[in-house]
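The structure under discussion appears below in the form of C-alpha cells.
So you know, we letter chains A, B, ... as the sequences are listed, proteins then strands, and number each from 1. Computed from a predicted structure; not experimentally measured.
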Amino acid sequence: TVGCAVVDSEGRCAAATSTGGLMNKMSGRIGDSPLIGAGTYACEVCGVSCTGEGEAIIRATLAREVAAVMEYKGLGLQDAVDYVIKHRLDEGQAGLIAVSNKGEVAYGFNCNGMFRGCATQDGFMEVGIWE
Amino acid sequence: MVGWAIAVHGGAGVDPNLPPQRQEQAKQLLTHCLNIGITALRSNVSAVDVVELVVRELETNPLFNSGRGSALTAKGTVEMEASIMDGTKRRCGAVSGLTTVKNPVSLARLVMDKSPHSYLAFSGAEEFARQQGVEVEENEYFITPDNVGMLKLAKEANTILFDYRIPTTGYEKCAGAESPLQMNGLPISVYAPE
C-alpha cells in the first residue's frame, strides 16, 4: 500500500491511498484503502492515509478517527495520531500519515516499521523505515 | 496562509531482515516522491493534485505494493484499489477490483470529478476507465517475480499476508472450530465477525 497526505499553502488538505491489497487474498476482497473514512480521509482539519491490516483499519474507521478526535477532543495532530493508533486498533497492526490545516505533518504505527517520508515548508524533511 | 506540508508512505509491517540495499532503494524512492510533491507545492499546485501526482509515481514504481508490484490474489492475479479525498468540500472518489488500469489513483480522481458517484468497482470501474480513456496495461504488467515468489510462500504457509510475516504452520483451535486459514499469523476466525 502507498499513500500521500498534503496540505497546501492555502491550508487545503487532501489524501490518497493505492494498493494491491493482501498477498494470497480472496478474489473480490475489498480492503481499507478505497474506503473513505477507513484508509483515506480528508476534511477542513486534516488529511490522512493508512496502511496495514485492512480488516482492522476498516473496523476502526481509522482515518476518520484522527479528524474526529481533533474535532471533538481538541487534540493536536500528532496527539490525535498517537491516540487512534494506541486506542482504536484492538489487536490490529497498522500505520498512518497525516497533515493538518496548520501546516503540520505526523505519522504513527504499531507494527514492525513503516516506509514513510515527510517534509514541511520551513525546511524539515525526514525519510525513515524503523522507529 | 500556512506553510505547506507533505507526507508519503510505502506501507507498514516491514521485514526486520530487509537487506540494507532494499532499505536504501525504498528511502530513495520516498525521497524522490517527496521532492516531486515539494516542487509542485512550491509552484502552488493544489493539495488534491499533489496527492494524485505523488501516488501515481508510487504506483508506477514496482517497489511498493500498488499499481505495478501489487500483491497477488490467491489466483495469482492483481486486483488493485485506490481512493482520493479533497478536504475542501470533502469530495472523494474510490475504485476497487481494477485489473488493467495503470494508475488506479487517477481513475479514483475521475470518479470524483467526472462521475455522479464516489465509488466504482470491478467491471463497472473498468468500463468507466475505457470511457475516460485512461492508460491501461495487461494484468501481467503489474505482476513481478518477487511477488510470484511471495505468493508461493504464502500458499505453502496457507496464510494471507499484509506484510513479510510467513507464520509457522500449525493450527490453533479457536471459536470451537479448527480454522486452517490464517491471516497475519492469526486464525481467520479472529476476523470472522467481519
Side-chain angles (χ1 to χ4, degrees), chain A residues 1-9 11-27 30-31 33-34 36 39-44 47 49 51-53 55 59 93-95 97 99 102-105 107 109 111-122 125 127 129, chain B residues 1-14 16 23 26-27 30-31 34 38 41 46-48 50-52 54-55 58-59 64-66 70-75 78-88 90 92 94-96 104-105 150-151 154-155 160-162 184 191 194:
Chain A
T1 304
V2 300
C4 183
V6 166
V7 56
D8 60 29
S9 46
R12 295 172 299 192
C13 298
T17 312
S18 180
T19 188
L22 298 173
M23 191 63 79
N24 198 24
K25 68 181 179 182
M26 295 168 68
S27 182
I30 305 285
S33 299
I36 296 298
T40 303
Y41 188 74
C43 59
E44 296 290 331
S49 172
T51 175
E53 285 176 26
E55 280 67 14
R59 289 164 40 218
Q93 296 202 319
I97 56 170
V99 295
K102 297 188 178 73
E104 302 163 306
V105 65
Y107 61 83
F109 54 94
C111 46
N112 196 63
M114 175 166 84
F115 294 112
R116 81 275 175 178
C118 35
T120 55
Q121 185 164 347
D122 60 9
M125 185 162 178
V127 173
I129 299 175
Chain B
M1 295 283 271
V2 297
W4 51 255
I6 179 172
V8 296
H9 72 74
V14 183
Q23 294 183 40
K27 286 183 177 177
L30 290 166
T31 305
L34 272 183
I38 290 167
L41 284 163
S46 70
V48 69
V50 174
V51 295
E52 181 187 1
V54 171
V55 171
L58 288 161
E59 287 172 336
F64 294 132
N65 171 17
S66 72
S70 283
L72 306 180
T73 67
K75 297 175 183 170
V78 161
E79 288 180 4
M80 299 170 285
E81 50 196 18
S83 63
I84 189 168
M85 188 161 191
D86 182 359
T88 313
R90 281 184 286 186
C92 58
V95 289
S96 279
V105 74
M150 278 293 281
L151 177 62
K155 282 183 172 301
I160 293 169
L161 300 185
F162 93 92
N184 307 315
Y191 300 93
E194 305 308 314

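- With respect to chain B, the highest number of heavy-atom pairs below 4.5 Å among A/Ala16, A/Ser18, A/Pro34 belongs to A/Pro34.
- No other option in B/Leu151, B/Leu41, B/Val48 has as many heavy-atom pairs under 4.5 Å with chain A as B/Leu151.
- Here the side chains of B/His9 and A/Thr1 are in contact, with some heavy-atom distance below 4.5 Å.
- The shortest heavy-atom contact between B/Val8 and A/Cys4 is CG1-SG, 3.9 Å.
- Proximity to chain B (any heavy atom under 4.5 Å) is restricted, for A/Ile36, to the side chain, taken from C-beta onward.
- Shortest non-hydrogen contact noted between A/Ala14 and B/Val51 is O-CG1, 3.7 Å.
- Comparing B/Gly11, B/Ser96, B/Ser46 by heavy-atom pairs within less than 4.5 Å of chain A, the highest count is held by B/Gly11.
- Here the side chain of A/Asn112 pairs a donor or acceptor atom with the backbone of B/Val14 at under 3.5 angstrom.
- Listed here is the closest heavy atom pair of A/Ser27 and B/Glu79: OG-OE2, 2.5 Å.
- Within a 6.0 Å sphere centred on NZ of B/Lys155, other residues, nucleotides and ligands contribute more than 12 heavy atoms.
- For the pair A/Val6/B/Trp4, no side-chain contact is recorded, criterion being any heavy-atom separation below 4.5 Å from C-beta on.
- Heavy-atom pairs under 4.5 Å with chain A peak, among B/Val95, B/Val55, B/Val50, at B/Val55.
- No donor-acceptor pair closer than 3.5 Å links the side chain of A/Asn24 to the backbone N or O of B/Ile160.
- With chain A as the partner, the residue from B/Cys92, B/Ala74, B/Pro104, B/Ser70 showing the most heavy-atom pairs under 4.5 Å is B/Ala74.
- For chain B, the nearby parts of A/Tyr41 are the backbone and the side chain; heavy atoms of each come within less than 4.5 Å.
- For the pair B/Asn65 and A/Gly21, the tightest heavy-atom approach, listed with the atom from each and the gap, is ND2-O, 2.8 Å.
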Under the side chain to side chain contact (heavy atoms under 4.5 Å, CB included) rule, what do B/Thr73 and A/Met26 come out as? Steps first, then yes or no, please.
CA-CA 6 Å; B/Thr73 67; A/Met26 295 168 68; over 6 Å; no

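- Rounded to the nearest 0.5 Å, atoms CG (B/Asp86) and CZ (A/Arg12) are 8.0 Å apart.
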Could you go step by step and tell me if B/Ile84 and A/Thr40 meet the side chain to side chain contact (heavy atoms under 4.5 Å, CB included) rule?
CA-CA 7 Å; B/Ile84 189 168; A/Thr40 303; 6.0 Å; no

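- A pairwise comparison of heavy atoms in B/Ile38 and A/Ala119 identifies CD1-CB, 3.7 Å as the closest pair.
- No side-chain heavy atom of A/Thr19 sits under 4.5 Å from any side-chain heavy atom of B/Met80.
- In this structure, the side chains of A/Arg116 and B/Leu30 stay at 4.5 Å or more apart for every pair of heavy atoms.
- Note on B/Gln23, B/Lys75, B/Glu52: by heavy-atom pairs under 4.5 Å with chain A, the leading option is B/Gln23.
- Between chain B and the options A/Ser33, A/Cys118, A/Gly117, heavy-atom pairs under 4.5 Å are most frequent for A/Gly117.
- With values rounded to the nearest 0.5 angstrom, A/Thr17 atom OG1 is found 11.0 Å from B/Leu58 atom CG.
- A/Val7 touches chain B through backbone and side chain together, each having a heavy atom under 4.5 Å away.
- The two residues B/Ala47 and A/Cys13 have their closest heavy-atom pair at CB-C, 4.2 Å.
- Using modelled atom types, no side-chain atom of A/Glu44 and backbone atom of B/Thr88 make a donor-acceptor pair closer than 3.5 Å.
- At a threshold of 4.5 Å between non-hydrogen side-chain atoms, the residues B/Leu34 and A/Val127 count as touching.
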